[in-house]
**Q** 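Got a structure for you, written out below as structure tokens; questions coming shortly.
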Amino acid sequence: MPSMTAKKKCCKDKPRCKKCPVVLKRLADASCAERLDMRHYIVDKKVPKKVLKDARKR
């Protein structure tokens, strides 16, 4: 499982980037990632495309 560190602040891109803290929080809520601490997550290798698309939506 790859680990990922969230950025400190969202860059306001559209769609959100994959390292955005909001995207990682949404993936954790969808059970596709596990939160280790404030900024570190373990993300599943095969995140469904639909889940990732919904997480990155503005």
**Q** What distance do D29 atom CG and R35 atom CZ have between them, rounded to the nearest 0.5 Å?
**A** 9.0 Å

**Q** Which atom names give the shortest non-hydrogen contact between R56 and R16, and what distance separates them?
**A**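 Minimum heavy-atom separation between R56 and R16: NE-O, 2.6 Å.
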
**Q** Measure the CE-NZ distance between M38 and K8 for me, rounded to the nearest 0.5 Å.
**A** 12.0 Å

**Q** Roughly how far, to the nearest 0.5 Å, is the CD1 atom of I42 from the CG atom of L27?
**A**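 Here the rounded value is 13.5 Å.
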
**Q** So, for K12 and R58, which heavy atoms are closest and what is the spacing to 0.1 Å?
**A** CA-NH2, 3.0 Å

**Q** Of all the heavy-atom pairs spanning A6 and P21, show the shortest one and how long it is.
**A** CB-CA, 3.9 Å

**Q** Evaluate whether atom NZ of K57 has more than 12 neighbouring non-hydrogen atoms of other residues, nucleotides or ligands under 6.0 angstrom away.
**A** no

**Q** When rounded to the nearest 0.5 angstrom, what distance separates SG in C20 from CZ in R26?
**A** 8.0 Å

**Q** Let me confirm one number: the OG1-CG distance from T5 to L24, rounded to the nearest 0.5 Å.
**A** 9.0 Å

**Q** Answer whether the closest heavy-atom distance between the side chains of P2 and K45 falls below 4.5 Å.
**A** yes

**Q** Looking at every non-hydrogen atom in both residues, tell me the closest pair between V47 and D44 and how far apart they are.
**A** CG2-O, 3.5 Å

**Q** Measure across A30 and V51 and return the closest heavy-atom pair with its distance rounded to 0.1 Å.
**A** CB-CG1, 4.0 Å

**Q** Counting distance only, does the side-chain N/O of D13 pair as donor-acceptor with the main-chain N or O of P15 below 3.5 Å?
**A** no

